[in-house]
Novice: 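What follows is a single structure, and I will ask about it in a moment.
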Amino acid sequence: MQEKCCATSGCQCHSSRTCMSKVPIFTSLNQEEIDQIAAIITDKEYKKGESIYAYGDTGKSLYVINEGKVKIFRMSEAGREQIIRILHPGDFMGELSLFADSAVNEGAEALEPTAICVIDGHKLNQIMNDVPSIAVKVIEELSKRLLNAENLIESLGLHDVEQRIADTMLRMSAGQEEIILSITKKDLAAHMGMSHETLSRKLAQFQEMGWIKLEGRKKIQILDRKSLQTIAGL
């Protein structure tokens with residue numbers, strides 16, 4: 001992992017400002033406030049599969065993805081990974097540490113080479129005292145994530161495997177006839193709360209039924225949307 005610090009006063013670190021420009025919570029800042037945030041950012045790079053933070057860590061930082069992709073996950077008592085969400089450039093994580101001193105209860109791992117801007121949480125809290133709009137926007141994002149988490153819990157608890165797969169494909173297709181996976185099928189399965197083997201078997205069954213067509217590792221063609229909607233209960 002490479003690291004280059006941009007923590008000196010008045011620093012004009014290009015990547016730090018690029019990070020800030022991608023994140024909605026900083027859009028209301030004036031130039032002086034932008035300079036304050038840029039001065040407390042450290043740039044870090046992670047290799048594919050490298051841990052960014054782990055369960056039990058007590059660091060107080062806000063992580064902003066500048067380039068790459070990150071998965072946020074938890075592990076069950078049986079050792080099965082459950083992916084909570086996938087983050088892309090402009091997304092951030094670690095926000096709970098800004099409001100509580102407890103250890104994190106999830107892990108974060110780079111899915112590909114990833115560049116992250118790490119913002120010092122203690123210093124950011126001081127800035128939020130003067131610019132409360134930042135805290136308000138962080139809370140708004142937390143509310144969205146709570147809603148998404150509740151929807152995921154409902155899906156895992158009430159829907160069977162086929163319903164989850166059909167519903168996920170319909171959402172990922174966004175009305176189009178082609179899905180290009182941005183993550184591996186293994187990670188997709190973990191996000192839906194099932195094993196990689198189960199997902200592969202069900203996708204093969206969907207293909208045999210003529211509902212979808214699998215093309216390589218990353219592409220899925222939707223052939224019969226109506227049948228998928230029926231399976232999903234829509």
Side-chain angles (χ1 to χ4, degrees), residues 1-8 11-27 34 37-75 79-98 104-121 124 138 141 144-145 148 152 168 171-172 174 178-192 195-196 199-200 214-220:
M1 179 178 69
Q2 299 176 341
E3 177 176 332
K4 38 184 185 172
C5 184
C6 184
T8 56
C11 174
Q12 301 296 314
C13 179
H14 173 72
S15 59
S16 298
R17 294 176 183 279
T18 300
C19 271
M20 295 173 63
S21 68
K22 294 178 179 178
V23 185
I25 63 174
F26 298 132
T27 55
I34 290 174
I37 301 292
I40 61 173
I41 290 179
T42 299
D43 299 329
K44 293 185 178 181
E45 297 179 1
Y46 296 85
K47 299 176 183 178
K48 179 180 178 180
E50 188 172 1
S51 174
I52 298 168
Y53 60 76
Y55 182 89
D57 285 356
T58 57
K60 196 176 185 69
S61 299
L62 184 69
Y63 301 83
V64 179
I65 301 175
N66 194 7
E67 298 175 359
K69 194 160 37 187
V70 173
K71 67 177 178 181
I72 304 298
F73 64 94
R74 293 184 181 179
M75 301 297 293
R80 174 174 291 182
E81 179 181 277
Q82 171 67 60
I83 295 180
I84 307 301
R85 57 187 182 274
I86 303 294
L87 304 182
H88 302 84
D91 291 331
F92 59 88
M93 54 196 175
E95 63 282 349
L96 287 177
S97 70
L98 301 178
V104 298
N105 61 354
E106 61 189 21
E109 180 183 304
L111 290 173
E112 60 188 38
T114 298
I116 288 181
C117 295
V118 184
I119 305 176
D120 185 298
L124 181 58
V138 171
E141 180 62 26
K144 293 177 184 177
R145 292 183 181 180
N148 290 336
L152 178 60
T168 298
R171 286 189 289 104
M172 292 177 67
E178 182 179 272
I179 301 171
I180 303 297
L181 299 179
S182 62
I183 58 176
T184 65
K185 287 189 176 75
K186 179 181 178 181
D187 285 331
L188 179 61
H191 181 60
M192 291 189 286
S195 69
H196 183 201
L199 175 61
S200 296
L214 302 173
E215 298 184 5
R217 297 182 177 181
K218 295 289 187 179
K219 186 183 294 186
I220 302 175

Novice: State which residues pass salt bridge (charged side-chain N to carboxylate O under 4.0 Å, His left out) with E112; sequence neighbours excluded, sorted by chain then number.
Specialist: K69
Novice: Please test E95 against Y63 for side chain to side chain donor-acceptor pair (under 3.5 Å), starting from the C-alpha separation and ending with a verdict.
Specialist: CA-CA 8 Å; E95 63 282 349; Y63 301 83; over 6 Å; no
Novice: Quickly, which of R74, H191, K71, K186 forms a side chain to side chain contact (heavy atoms under 4.5 Å, CB included) with E81? Name it, please.
Specialist: K71
Novice: Are any non-hydrogen side-chain atoms of V70 and I86 less than 4.5 angstrom apart?
Specialist: no
Novice: Report yes if the side chains of K44 and C117 come closer than 4.5 Å at any heavy-atom pair, otherwise no.
Specialist: no
Novice: Report yes if some heavy atom in the side chain of R85 is under 4.5 Å from a heavy atom in the side chain of L87; otherwise report no.
Specialist: yes
Novice: side-chain contact (heavy atoms from CB on, under 4.5 Å), that's the test. Do M192 and L199 meet it? Break it down for me.
Specialist: CA-CA 9 Å; M192 291 189 286; L199 175 61; 3.6 Å; yes
Novice: Between atom CG of L62 and atom CG of D120, what is the distance when rounded to the nearest 0.5 Å?
Specialist: 10.5 Å
Novice: What's the spacing between I119 CD1 and S61 OG if we round to 0.5 Å?
Specialist: 9.0 Å
Novice: Could you tell me which non-hydrogen atom of G216 sits nearest to which non-hydrogen atom of K185, and how far apart they are?
Specialist: O-NZ, 3.7 Å
Novice: How about N66 and I116: do any of their side-chain heavy atoms sit closer than 4.5 Å?
Specialist: no
Novice: How would you list, by chain and number, every residue that makes a ring-ring contact (aromatic ring centres under 6.0 Å, His included) with F73, sequence neighbours excluded?
Specialist: none
Novice: How many angstroms lie between NZ in K48 and CD in E50, if you round to the nearest 0.5 Å?
Specialist: 13.5 Å
Novice: If only atom types and distance count, is the side chain of E178 paired as donor or acceptor with the main-chain N or O of I220 below 3.5 Å?
Specialist: no
Novice: Restricting to non-hydrogen atoms, name the atom on P89 and the atom on G68 that form the minimum distance, rounded to 0.1 Å.
Specialist: CD-O, 3.2 Å
Novice: List in chain and number order the residues that pass side-chain hydrogen bond (donor to acceptor under 3.5 Å, both in side chains) with E109, two or more places apart in sequence or in another chain; answer none if no residue qualifies.
Specialist: none
Novice: State, with a plain yes or no, whether a side-chain heavy atom of F92 is found less than 4.5 Å away from one of I65.
Specialist: no
Novice: Distance check, rounded to the nearest 0.5 Å: E106 atom CD versus D57 atom CG?
Specialist: 11.0 Å
Novice: Just so I know, are the side chains of L188 and T184 near enough to count as touching, which here means a heavy-atom distance under 4.5 Å?
Specialist: no
Novice: For a 4.5 angstrom cut-off between non-hydrogen side-chain atoms, does M93 reach V104?
Specialist: no
Novice: Under a 4.5 Å cut-off applied to non-hydrogen side-chain atoms, are T114 and E67 in contact?
Specialist: no
Novice: Minimum heavy-atom separation for Y53 and I72, please, with both atom names.
Specialist: OH-CD1, 3.8 Å
